[in-house]
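Just below is one structure, and these are the notes that go with it.
Note that ligands are numbered from 1 as they come in the structure, with each ligand's atoms numbered from 1 the same way. If you're wondering where the values come from, they're calculated on a predicted model, not measured in any experiment. Reckoned from all heavy atoms, side chains included, excluding hydrogens, waters and symmetry mates.
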Amino acid sequence: MPATSTIRTVAEVMSSPAVTAQSSESIAEVSKRMAEQEKGSVVIVDGKRPIGILTERDLVRFNASGAAASDTKVSEWMTQPVDCAAPDLSVQEAFAGFAEKGYRHLPVVEADELVGVVSLRSLMLFAQVQPVVHPSAIEAPPGLEGVIVAETEVGDVRGLEGFYHYRQYNAVELADRLPLEDVWHLLIDGHLPSAAERDAFADEVKPLRVVPGSVAQLLPSVASSSHTVMEGVRSAMSMVGAAEGYRPTLDIGAAERRRNALQMCAVMPSLIMAVYRLQNDLEVIEPRPDLGYGANYLWMLTGEEFDADKGRAVEQYQITTIDHGFNASTFTARVITSSGADVAAAVVGGMGALSGPLHGGAPSRALALLDAIGTADNARPYLLDHVARGEKIMGFGHRVYKTDDPRSTFLRSVAERIGADKIDFAKVVEQTVVDVLAELKPGRDLYANVEFYAGVVMDHCGLPPELFTPTFASSRVIGWCANILEQAADNRIIRPSARYVGPPPPEPLPDPA
Ligand SMILES: CC(C)(COP(=O)(O)OP(=O)(O)OC[C@H]1O[C@@H](n2cnc3c(N)ncnc32)[C@H](O)[C@@H]1OP(=O)(O)O)[C@@H](O)C(=O)NCCC(=O)NCCS
C-alpha cells in the first residue's frame with residue numbers, strides 16, 4: 001500500500017531549542033543538564049555553531065572508563081567533527097542517513113546556526129517507513145538460493161558435477177568402504193581414525209546409546225502423546241538435553257560441547273526404535289554394545305539378528321545422509337547455535353526442519369508413489385496426470401543437483417546388491433519420471449534425489465515407512481552436530497534482515513471496538 005501522507009521534514013520532528021554545552025564544561029555538569037532536560041544528547045557549540053555532540057552512548061563509555069566526571073572535560077569525550085542535518089531534509093532521507101551511518105542524534109543547522117536536534121527515535125515516530133536503502137544490504141534471492149552464508153570445513157555439495165564430500169573425502173566412497181563410526185569420527189573430530197582411535201571412539205560412544213533413566217521412564221507417555229515417531233523423538237531428544245543438564249554452547253568449552261554432541265548422535269537411534277516400539281505396543285529393546293551401528297539399529301527394531309547385508313545397507317544409507325551442505329535443517333541448527341543455545345536445542349530445531357516433506361519427509365511418500373502407480377504400464381499416464389495437476393513427484397528434483405544425485409545413484413546400486421523387492425519396478429518408474437519431467441518441465445533438470453531409492457532400500461531391510469524420516473534424522477544428527485561444533489567454535493549470531501512490505505507505519509491505532 002503506498003504512503004499517502006504528505007512528506008514531513010526534519011524541522012517538524014526536531015526538538016528545539018537544542019540543549020547545548022561548552023567544550024570546557026565538565027562531564028558532570030553536562031550529564032546533569034541532559035538528565036534534567038530528559039534529552040539523549042547535548043550539542044557542543046562555539047557561539048551558535050555546533051562543533052561536537054555528546055550522547056548517552058558517550059556517557060556509557062565514559063562511565064565504563066572509571067574516570068571522575070567532575071575532573072573530565074566534555075571536549076575529551078564528545079564526537080567531533082559532527083555531521084549536521086538541514087531542517088528541510090525529508091524525514092525519509094534523514095532516516096536513511098541515520099541507518100547508513102548508525103547515528104542516533106544529529107544537530108540541525110540552518111545558515112551555520114544550531115536550530116535544534118533530531119533523534120532517531122523522533123524520526124521513527126514519523127517516518128513513512130519505506131524500504132531503507134542500506135549501502136551494505138545484499139538482496140538475497142527467495143529461498144536463499146546460491147547465497148553463501150558461512151565458511152565451513154565440514155563438507156560441500158558440487159551440484160553441477162554431481163559430487164559431494166565430507167571434509168576432503170568423497171562421501172559416496174566413504175559410504176561404500178567404511179563403517180559409520182569412522183565417518184562419524186571424521187565429522188566430529190576432523191580426521192579418519194587410526195586403529196587405536198577407532199577403538200577409543202567406540203568405547204566412548206557405545207555407552208552413550210543408552211537412554212538416560214529419567215527419560216526412559218517418561219518414554220511411554222511421550223510415545224503415546226505423539227502421532228509420529230519423529231514427533232516423539234523430537235520431544236525425547238529435548239528431554240535428554242534437559243536431563244543431562246546441557247548448558248548453553250556460549251558458556252561451555254569445546255570438550256563439553258563435543259560430549260553433548262556425541263550423546264545426541266549416539267542416543268537418537270535408541271530413541272527412534274524405543275518410540276516406534278512403544279507406539280506399536282511393543283517392549284523397548286536395549287542397544288547392544290557388541291554390535292556396530294547399522295546392525296544395532298536393526299536389532300533395536302525387532303530384537304532379532306539381521307542378515308548382515310541388510311544391516312550394512314541401512315548403515316550405508318545412513319552414511320550417505322550424514323551431511324549435505326547448508327540444507328534447511330543444518331542451517332536451522334547453525335542459526336540456533338549462533339544464539340548460544342545448547343546443543344540439544346539446536347538438534348531439536350534441526351529435526352523440526354527435517355520433518356517437512358520438502359526436506360526429509362519425502363522417502364515414505366516416494367515409496368507410496370511406487371505403490372500408487374502399481375504397474376509399469378500405469379507409470380506414464382499416472383505421472384502425466386500428477387504433474388498436470390501441479391503436484392510434485394516426491395523423490396525427484398533438488399535445489400543444488402542439476403544432474404544425477406550421487407546419493408541416488410549409490411543407493412540404486414545398494415538396492416540392486418541386496419536384491420530389493422521393488423528395485424526393478426523403481427528403475428522403470430525413475431526413467432519414466434525423468435522423461436515426463438523433461439517433457440512437462442523442460443530445462444529444470446529434474447532427476448531422482450536421495451529419497452527415491454532410500455525408501456526402496458529401507459523397505460527391503462524391514463524398516464516400515466514411519467521410520468524412514470527418523471532414520472534419515474538418525475545419521476543427519478551427526479552432520480548437524482559437526483556444524484553445531486563448528487559454529488560454536490567461531491560464532492557470530494546469524495541475524496539477517498527482511499524488507500517490510502506491509503502498510504506504511506505508523507498508523508493511528510483504531511478506537512477500541
Ligand atoms: C527438492 C525441492 C524442494 C527443490 O526445490 P527448489 O529448488 O525450490 O525447486 P522448485 O520447487 O522451485 O522447482 C523448480 C521447478 O521444477 C519443478 N519441480 C521441482 N521438483 C519437482 C518434482 N519433484 N516434481 C515435479 N516438478 C518439480 C517445480 O514445479 C518448478 O517448476 P516451475 O518452474 O514450472 O515452477 C523440489 O525439487 C521438490 O519439492 N521435490 C520433491 C520433494 C522431495 O523429493 N524432497 C526431498 C529433497 S532431498
Counting only heavy atoms on the protein side, is anything nearer than 4.0 Å to [atom]?
atom                    : answer
atom 33 (O) of ligand 1 : yes
atom 4 (C) of ligand 1  : yes
atom 9 (O) of ligand 1  : no

Any side-chain donor near an acceptor of the partner, [X] and [Y], under 3.5 Å:
X    : Y    : answer
Y447 : E430 : no
H398 : D405 : no
T330 : H324 : no
T471 : Q318 : no
E466 : S364 : no

- Winner among V433, L446, N327 once heavy atoms are compared against atom 19 (C) of ligand 1: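 Looking at heavy atoms only, the winner is L446.
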
- For the residue pair Y401 and Y164, categorise the inter-ring angle as parallel (less than 30°), tilted (30 to 60°) or perpendicular (more than 60°). perpendicular

- Message: Once you measure the plane-to-plane angle for H165 and F163, does it fall in the parallel (<30°), tilted (30-60°) or perpendicular (>60°) bin?
- Response: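 Judged by the thresholds at 30° and 60°, the geometry between H165 and F163 is parallel.
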
Does ligand 1 have any atom sitting under 4.0 Å from a heavy atom of [X]?
X    : value
G395 : yes
L358 : yes
H359 : yes

- Stepwise salt bridge (charged side-chain N to carboxylate O under 4.0 Å, His left out) test for R334 and E486: CA-CA 9 Å; R334 286 191 78 128; E486 188 177 68; 2.8 Å; yes

Protein heavy atom at shortest distance from [atom]:
atom                    : result
atom 36 (C) of ligand 1 : K392 NZ, 3.8 Å
atom 25 (C) of ligand 1 : L437 CD2, 3.6 Å
atom 41 (C) of ligand 1 : F396 O, 3.4 Å
atom 35 (O) of ligand 1 : K441 NZ, 4.3 Å
atom 24 (N) of ligand 1 : I393 N, 2.8 Å

- Task: May I ask you to check whether V450 has an N/O atom sitting below 3.5 Å from an N/O atom of ligand 1?
- Result: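 N/O-N/O distance below 3.5 Å does not exist for this pair.
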
- Message: So for ligand 1, is R444 a polar contact partner (N or O within less than 3.5 Å, distance only)?
- Response: yes

- Message: Surrounding CD of E153 (heavy atoms of other residues, nucleotides or ligands, distance under 6.0 Å), is the total greater than 12?
- Response: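 It does not: E153 CD has 12 such atoms or fewer within range.
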
- Message: Check this for me: does any side-chain nitrogen of one of R198 and D182 sit under 4.0 Å from a carboxylate oxygen of the other?
- Response: yes

- Task: Specify side chain, backbone, both or neither for N449, according to which of its non-hydrogen atoms lie closer than 4.0 Å to ligand 1.
- Result: side chain

- Message: Working note: L278 + V222, criterion side chain to side chain contact (heavy atoms under 4.5 Å, CB included); need CA distance, chi angles, decisive distance, verdict.
- Response: CA-CA 9 Å; L278 288 166; V222 170; over 6 Å; no

In ligand 1, which numbered atoms sit nearer than 4.0 Å to a non-hydrogen atom of [X]?
X    : answer
G397 : 1 (C), 37 (O)
M394 : 42 (C), 44 (O)
R399 : 4 (C), 6 (P), 7 (O), 8 (O)

